[in-house]
Every structure is written in C-alpha cells, then in structure tokens.
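We count ligands from 1, going down the list as the structure has it; atoms in each ligand are counted the same way.
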Amino acid sequence: MQFFNHLEFDNHEHVSFFTCSQTGLKAIIAIHNTNLGPALGGCRMWDYKDDEQALHDVLRLSKGMTYKAALADIPMGGGKSVIIGDPKREKTPKMMESMGKAVQKLAGNYIIAEDVGTCVEDMNELSKATNYVTGVYQNNKGSGDPSPTTAYGVFLGLKPTVKHRLKKESLQGLTVSVQGLGHVGYYLCKYLHEEGVKLYVCDIDDERVDAVVHEFGAVALPFYEIYDVKADIFAPCALGGILNDETIKRLKVSIVAGAANNPLEAPHHGTMLSNHDILYAPDYVINSGGLIRVYHEYAANQGALFSEKNILDHVKKIPLKLETIFAYADQHGISTATAADALAEKIFKKRE
Ligand code: NAD
C-alpha cells in the first residue's frame with residue numbers, strides 16, 4: 001500500500017494506526033492540518049473491503065474537515081477517524097472505549113465526534129477513556145446528536161442555492177431526491193416536507209425508507225434509480241464518491257446539495273457538474289452544521305458559554321457562505337467546488 005505517494009495524501013500532519021486485540025479495534029486517525037487549531041472531526045465505522053479503502057476514506061475525510069472548519073469560521077483543524085468493521089455486527093461498548101484510549105494518546109491534537117456508523121451512545125462510551133470527545137449525551141455535558149443541526153444547515157443552505165440557480169425565493173413545490181435516510185437524511189426529509197417539498201427517497205435499509213414514506217409522504221425508489229429521477233435537487237446524504245463520470249451523466253436535476261461528505265469522486269467532477277449546468281453546493285460548506293454544534297460543545301468544555309442560540313446563529317451563516325462561493329465561482333469562471341477550496345485555502349494556509 002502506498003502512503004506518502006497515496007493519491008489522497010495531502011501533506012497530512014499525522015496519521016496513526018491503532019489496534020486492540022481484546023476488543024477487535026482496528027482504527028486509523030488522520031490529522032490533516034492544525035494551522036487553525038486542534039483537529040476536530042467524526043469517527044466513521046464501516047465494513048471497508050480492505051485497509052487501502054479505509055486509508056483512502058480517512059485521508060479524504062480529514063482533509064475535508066480542514067476546509068470545513070476554515071469556511072465555517074471555526075478555530076479548529078481538520079481530522080477524522082475510521083474504524084474498520086461492520087457497525088451492526090462488530091461494534092461493542094468495549095471497542096468504543098478502546099477507541100477512546102486511542103484518541104487520548106493523541107493528547108488533544110484530535111477531538112472525536114460521531115459520523116456514519118457511530119452515534120451518541122458510542123461517544124458516551126468513548127468518554128470513559130478520553131476527554132477529547134464531543135457529541136456525547138446532553139446529560140453528560142455534551143451537545144447530543146449533531147445530525148439534526150447538520151440537516152437544518154443543509155435545509156437553510158438550499159435556499160440561496162435555489163435562488164441562485166432557479167431564481168426562486170422558496171422551496172415550496174420543488175422536488176428533491178434524497179439518497180440516504182440515516183441520521184441526517186431523515187431530518188432533512190422532515191424539514192423539506194414541512195416546507196412543502198415533494199420527496200423521492202432511497203436507502204439500502206428498507207426500514208428507513210418505510211419511515212420516511214409513511215411520515216413525510218415520500219416516494220420510494222430503488223437505490224440504483226436515484227440518479228435517474230427528474231427532480232429540482234439531488235441531495236446526497238449517504239456515502240462519498242457517488243458522483244462520478246457515469247452517475248453525473250444520468251442526473252436530471254438543476255442542483256446537487258446534500259449532507260454527504262466527499263460526494264465528488266474526484267476534483268474534476270465539480271467541473272463536470274457545472275458543465276452539465278448543475279449548481280453544486282460544496283459539501284463541506286452546506287453540511288457544516290454538525291461541526292458547528294460539536295465545536296460549541298468543545299468550546300464550552302474549555303470554559304465558553306454553551307448556548308443553543310449561539311449555535312443557531314452560527315448555522316444561519318451557512319447561506320451567506322454559499323452566496324459568497326457562488327459569486328466567487330461566477331466571477332472567476334470556475335466551478336463552485338474549486339471556488340470553495342480556493343476560499344478555504346486563503347484562510348488556513350495564511351497561518352502556515
Ligand atoms: P448514517 O449512517 O446515519 O446514514 C447513512 C445512510 O445512508 C444509512 O441509512 C445507510 O443505509 C444509507 N446508505 C448507505 N449506502 C447507501 C446507498 N448506496 N444508497 C442509499 N443509501 C445508502 O449517516 P449520517 O450521520 O446520516 O451521515 C450521512 C452523510 O452525511 C455522511 O456522508 C456523513 O459523513 C455526512 N455528514 C454527517 C454529519 C452528521 O452530523 N451526522 C455531519 C456532516 C456530514
């Protein structure tokens with residue numbers, strides 16, 4: 001396996017591999033950049049097909065967090081962790097505790113939270129072994145599940161995106177296709193339904209599809225048909241790398257905007273979307289609500305006042321960030337993905 005020559009290696013400051021024979025933990029923690037502060041980012045547990053796929057994911061995800069914090073005005077760096085294994089079959093409280101020990105070894109250079117395959121309960125288990133954890137239960141000095149806040153940020157971010165591309169002031173009457181109905185996707189569907197949006201949805205988990213069909217009147221699609229449905233907006237809320245040479249050609253939407261981290265398989269897919277006249281709301285900008293929430297929890301643990309109002313005020317800045325990116329992309333004739341990267345780099349590279 002390549003490391004320093006790995007396609008996704010981007011001068012990451014630190015990458016650690018952890019194992020625990022007693023609990024079966026196999027984990028990687030990647031810290032991309034700490035120019036702005038200690039690295040903050042979630043922990044993904046996934047049944048990766050091999051170690052290479054896990055390394056690929058953690059390198060990309062941790063880099064995205066550096067860019068996300070920079071554009072969300074958060075004085076933190078970018079980091080992320082992955083645990084190799086099927087969360088449904090292999091995750092145990094003891095494994096989570098040993099992940100906490102791994103995080104503790106990094107002495108505060110990396111602060112963990114939840115991501116795909118991990119949840120508030122897991123962060124609570126981690127907190128038995130480390131102080132450097134966020135997204136724990138509210139009755140354990142935490143801020144709880146960040147996912148509803150992430151979904152709300154995506155919902156708010158859709159408004160300027162729709163205004164920019166479709167010249168409409170409201171989401172009412174629009175159609176949105178949502179891929180992935182987990183922690184974030186479910187709440188996004190809820191907010192969109194309340195706004196009078198028609199939903200097309202898919203998930204590989206039938207129970208999650210049934211819930212959204214029943215509660216929000218969504219139309220269920222087989223997961224492989226989600227790229228083909230005609231809608232105003234496609235909201236990816238599952239895993240990354242799903243927008244590629246093949247799937248972009250199939251899209252019949254005007255906008256791509258959702259919670260999934262790294263939906264673009266490669267940087268040129270941002271340009272491919274604009275060439276197809278599809279406005280892309282960069283993932284790490286529109287989905288920064290969860291980071292904002294766990295950052296406020298971290299700051300409170302350092303002595304700042306924790307306030308839901310401050311979190312909401314912070315999340316409400318997402319639309320303005322997107323407007324800035326769209327204007328910058330138009331002005332320079334570049335894709336919105338490239339524009340977001342350029343604006344983020346101006347912030348965190350200035351500190352080098
Ligand atoms: P989750 O694990 O709760 O939900 C993901 C859902 O996607 C699951 O229901 C899963 O069955 C489904 N899924 C997986 N592969 C699929 C496929 N091929 N087609 C359709 N459905 C599929 O995760 P989550 O916390 O909701 O996160 C979703 C995405 O948003 C991830 O990319 C995550 O990194 C990103 N994100 C989450 C947060 C947060 O606050 N949770 C914050 C920022 C970004």
Side-chain angles (χ1 to χ4, degrees), residues 40-48 57-58 60-65 67-69 71-72 74 78 80-83 86-88 91 112-123 134-135 142-155 157 177-190 200-212 218 220-229 234-244 247 257-265 281-297 311 315 318:
L40 173 59
C43 173
R44 179 170 291 187
M45 183 164 183
W46 193 252
D47 198 8
Y48 293 103
D57 210 21
V58 79
R60 285 195 85 191
L61 288 166
S62 55
K63 179 179 172 185
M65 295 309 290
Y67 286 72
K68 193 183 297 197
L71 284 186
I74 289 177
K80 202 92 180 184
S81 53
V82 295
I83 298 176
D86 181 343
K88 284 193 180 142
K91 190 167 68 181
I112 198 167
E114 44 279 88
D115 189 64
V116 174
T118 61
C119 59
V120 190
E121 209 178 323
D122 301 326
M123 295 307 120
T134 55
S143 64
D145 181 7
S147 312
T149 312
T150 303
Y152 192 61
V154 174
F155 170 69
S177 53
V178 183
Q179 179 188 51
L181 306 169
H183 288 88
V184 184
Y186 171 86
Y187 282 100
L188 180 62
C189 288
K190 178 175 185 290
Y200 292 105
V201 297
C202 79
D203 197 294
I204 48 175
D205 181 333
D206 289 342
E207 268 182 43
R208 291 184 170 175
V209 176
D210 291 347
V212 169
L221 293 174
F223 71 88
Y224 46 84
E225 279 181 17
I226 198 78
Y227 306 107
D228 304 309
V229 67
F234 171 49
C237 295
L239 296 183
I242 50 111
L243 291 171
N244 52 42
T247 53
N261 281 308
N262 301 325
L264 306 179
E265 188 182 71
D283 56 338
Y284 58 76
V285 182
I286 198 165
N287 75 11
S288 61
L291 175 66
I292 289 170
R293 185 170 188 87
V294 294
Y295 162 66
H296 281 259
E297 175 180 344
I311 294 174
V315 172
I318 292 173

Next item on the list: Nearest heavy atom to atom 4 (O) of ligand 1 wins, so pick from Ala259, Gly180, Gly182, Gly117.
Entry: Gly182
Next item on the list: Decide yes or no for Trp46 and Asp86: does some side-chain heavy atom of the first lie under 4.5 Å from some side-chain heavy atom of the second?
Entry: no
Next item on the list: Assess whether atom CD of Glu265 is packed by more than 12 heavy atoms of other residues, nucleotides or ligands within 6.0 Å.
Entry: yes
Item checked: Side-chain heavy atoms of Asp145 within contact of His183, under 4.5 Å -> yes
Margin query: Less than 3.5 Å apart, any donor N or O on the side chain of Tyr227 or Gln179 sitting next to an acceptor on the other?
Written below: yes
Next item on the list: With heavy atoms only and a cut-off of under 4.0 Å, state how Arg208 meets ligand 1: side chain, backbone, both or neither.
Entry: side chain
Next item on the list: Please work out whether any backbone atom (N, CA, C, O) or any side-chain heavy atom from C-beta onward of Ser288 is under 4.0 Å from ligand 1, and answer side chain, backbone, both or neither.
Entry: neither
Margin query: Applying a heavy-atom cut-off of 4.0 Å, say which part of Lys80 lies close to ligand 1: side chain, backbone, both or neither.
Written below: neither
Check: Counting both backbone and side chain atoms, is some N or O of Ser147 under 3.5 Å from an N or O of ligand 1?
Finding: yes
Item checked: Ligand-side contact atoms (ligand 1) for residue partner Thr150, heavy atom cut-off under 4.0 Å -> 38 (C), 39 (C), 40 (O), 42 (C), 43 (C)
Next item on the list: Have a look at Asp283, Ile226, Val184, Asn261 and point out the one with the heavy atom closest to atom 26 (O) of ligand 1.
Entry: Val184
Next item on the list: Write down the atom of Cys189, the atom of Val201, and the distance for their closest heavy-atom approach.
Entry: SG-CG1, 4.0 Å
Margin query: Given Gly290, Ala238, Gly185, identify the one with the heavy atom nearest to atom 16 (C) of ligand 1.
Written below: Ala238
Margin query: Checking a contact table here: which protein heavy atom is nearest atom 15 (N) of ligand 1, and how many Å away?
Written below: Ile204 CD1, 3.6 Å
Check: Nearest protein heavy-atom contact for atom 43 (C) of ligand 1: which residue, which atom, what distance?
Finding: Asn287 O, 3.5 Å
Next item on the list: Consider ligand 1: state whether an atom of it lies below 4.0 angstrom from any non-hydrogen atom of Arg44.
Entry: yes
Note to self: Tell me the protein heavy atom at minimum distance from atom 33 (C) of ligand 1, and give that distance in Å.
What the structure shows: Asp115 OD1, 3.4 Å
Notebook entry, point to check: Within the distance-only criterion (no hydrogens, no angle test), does the side chain of Ser62 pair as donor or acceptor with the backbone N or O of Lys80 below 3.5 angstrom?
Noted result: no
Notebook entry, point to check: Is the backbone N or O of Cys43 less than 3.5 Å from a side-chain atom of Asp115, with the two atoms forming a donor-acceptor pair by type?
Noted result: no
Checklist line | Student check: side-chain heavy atoms of Phe223 and Asp203 closer than 4.5 Å | finding: no
Check: Sub-3.5 Å donor-acceptor pair from the side chain of Thr118 to the main-chain atoms of Arg44, do we have one?
Finding: no
Next item on the list: Report the nearest protein non-hydrogen atom to atom 5 (C) of ligand 1: residue, atom name, distance rounded to 0.1 Å.
Entry: Cys237 O, 4.0 Å
Check: So, Lys68 and Asn261: side-chain donor and acceptor under 3.5 Å apart, yes or no?
Finding: yes
Next item on the list: Using a 4.5 Å cut-off on heavy atoms from C-beta on, say whether the side chain of Ser81 contacts that of Ile112.
Entry: yes
Note to self: Heavy-atom distances under 4.0 Å decide this one: backbone, side chain, both or neither, for Val116 against ligand 1?
What the structure shows: both
Margin query: For atom 3 (O) of ligand 1, what's the nearest protein heavy-atom neighbour? Residue, atom name and distance, please.
Written below: His183 ND1, 2.6 Å
Next item on the list: Show which atoms of ligand 1 fall inside a sub-4.0 Å distance from at least one heavy-atom site of Lys68.
Entry: 43 (C)
Checklist line | Min heavy-atom dist Gly240 to ligand 1 below 4.0 Å | finding: no
Notebook entry, point to check: What protein heavy atom sits nearest atom 11 (O) of ligand 1, and how far away is it?
Noted result: Asp203 OD1, 2.6 Å
Notebook entry, point to check: Are more than 12 heavy atoms from other residues, nucleotides or ligands located less than 6.0 Å from atom OH of Tyr187?
Noted result: no
Note to self: Looking at ligand 1, would Glu207 count as a contact under a 4.0 Å heavy-atom criterion?
What the structure shows: no
